[in-house]
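Convention: sequence-line order gives letters A, B, ...; per-chain numbering from 1.
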Amino acid sequence: MKVHVGSVLYGYTGGRAEVEASGATVAAVLDDLERRYPGLRFRVIDEQGRIRPHMRVFAGGTVVSDLRARVGEKDELHVLGALSGG
Amino acid sequence: MAKKGTKSTGTRALLVGTAKGGFLLEGDAARRKWRIAGPFQFGQKVHDFRCDPRDRKTLLLCATGGHLGPTIYRSTNRGKSWSEAKAPPRFGTLAKGKKSTRATGSRGLTVEKNFFLSPGHAADRGAWYCGTSPSGFFRSSDGGASWKGVAGFNERPEWWDWTRGGSPGSPEGALLHSIQVDPRDREHLFLSMSSGGTFESFDAGAHWKPLNKGVLADFQPEKYPVFGQDPHCMVQHPGDLDRLYQQNHCGIYRLDRARTDVWDRIGDNMPRAVGDIGFPVVPHPSDPDTVWVFPMDGTKLWPRTSPDARPAVYRTQTGGRRWERLDGGLPRANAWWTVYRQAMDADGDERGTGLYFGTTSGSLWGSRDGGEGWTCIADHLPRIFSVRFAELA
């Protein structure tokens with residue numbers, strides 16, 4: 001599936017805003033992103049499995065709060081820095 | 001850090017951690033000119049940035065993004081390229097449905113920042129320690145590439161009491177810092193927590209005992225508790241390894257460990273108008289009676305500025321019995337800044353000791369004569385969190 005990442009993650013994706021990853025759930029897609037771009041997942045998801053306070057994940061345009069949410073191949077995932085501050 | 005008490009044989013360098021990244025300044029032999037490189041990990045907060053004194057080559061840098069979680073970077077070519085830790089410090093994961101309790105091994109905590117780095121014992125090549133916020137104690141055995149929590153600290157039931165269940169403590173969050181490894185015994189460790197106090201281990205961190213007798217905690221009903229104090233910075237003096245100094249939220253203290261376990265408030269001998277509140281305390285390379293501090297306004301609201309906006313370093317050469325003001329070259333008025341706990345360091349020269357500090361307003365200052373005279377090395381940097389002297393191979 002197509003994954004759009006925010007500029008805060010370009011250091012991991014080699015400057016690419018759009019990358020590919022696969023998985024049946026948001027968690028699985030993030031795991032696949034970690035395999036492709038080591039270190040990325042922990043910058044977004046903490047050790048308790050929570051999305052970090054200033055990061056946002058959207059699946060099919062809907063904000064994700066539960067990483068177990070299922071996603072389809074045609075969905076697009078957005079992993080973005082949240083609007084935090086002015 | 002330079003090997004204390006010896007003349008420099010490598011490139012003198014200052015490793016500076018700031019609110020927007022790390023900077024490395026290479027100095028000439030006279031310590032007059034400094035060439036700046038960086039920022040490294042631009043845009044990330046760097047609370048600590050250190051060089052491994054064992055190989056004088058490996059640099060570790062703590063980074064926390066405004067959005068991103070915390071990590072640690074490593075360079076072996078003076079910052080030209082960096083690799084990220086494969087497993088940065090992280091607390092154990094709490095099983096789903098399980099509640100965090102005093103007895104629980106993992107308490108469901110999240111590392112919010114890697115705050116303090118300390119190289120391990122000279123004989124433990126590749127060993128490093130890291131203190132985090134919330135208060136966690138982590139160890140690396142592979143030069144900072146991967147980190148594990150020290151269960152003897154993070155997961156023991158007493159941790160819950162020492163940290164008041166992981167309460168935030170200071171405005172910057174609970175901070176574990178001042179990790180000291182006794183050069184005589186790799187298993188003899190010290191650490192301090194804001195808030196929590198100072199603790200000592202004789203078995204490489206498997207067990208810990210509070211070391212806070214005589215240290216005031218004026219912010220709670222019980223003024224001299226067993227633990228719960230707020231040490232800002234604690235050092236084992238290289239000139240006498242049985243002598244500890246600490247700059248605390250409630251004063252400056254000295255402890256002669258071989259003789260007693262009760263701290264002596266040597267800050268009582270500071271000028272009353274200045275007080276004895278501040279963040280850093282820096283030991284002389286070899287003279288156990290000499291340390292430097294950087295006082296801060298601790299009168300009412302703790303604005304984190306110098307008393308009367310007139311910054312000065314204070315030095316004792318008598319183990320704290322007498323103090324002298326050292327402000328030659330520093331601003332005489334309207335300087336509304338201070339110096340954080342990791343942001344002051346000394347080099348290894350026994351005479352003409354180089355002292356360096358970085359300010360909350362982004363200036364880096366240096367002295368080549370033990371603090372008598374100061375010059376501004378760099379200005380207009382971001383807010384400075386840490387300044388570490390290093391001697392690079």
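Taking each heavy atom of B/L109 and A/E47 in turn, the nearest pair found is O-CG, 3.5 Å. What you find for A/M55 and B/L68 is that their closest heavy atoms are SD-CD2, 4.0 Å. Residues A/F42 and B/P88 come closest through the heavy atom pair CD2-CG, 3.8 Å. In this structure, B/H67 and A/G81 approach most closely via the heavy-atom pair CD2-CA, 3.5 Å.
Atom CZ of A/R70 has 12 or fewer neighbouring heavy atoms from other residues, nucleotides or ligands inside a 6.0 Å radius. Heavy-atom contacts from other residues, nucleotides or ligands closer than 6.0 Å to CH2 of B/W82 number more than 12.
For a residue to count as touching a neighbouring chain, one of its non-hydrogen atoms must lie under 4.5 Å from one of that chain's; by this rule A/L9 touches chain B with the side chain only.
Rounded to the nearest 0.5 angstrom, A/R43 CZ and B/E84 CD are separated by 5.5 Å. Considering CZ of B/R107 and CD of A/Q48, their distance stands at 12.0 Å, rounded to 0.5 Å.
Taking chain A as the reference chain and counting heavy-atom pairs below 4.5 Å, the highest number among B/V111, B/T110, B/T71, B/T93 is found for B/T110. With chain A as partner, the option from B/S106, B/G69, B/G65 having the largest number of non-hydrogen pairs under 4.5 angstrom is B/G69. The residue among B/G92, B/G108, B/A87 with the most heavy atom pairs within less than 4.5 Å of chain A is B/G108.
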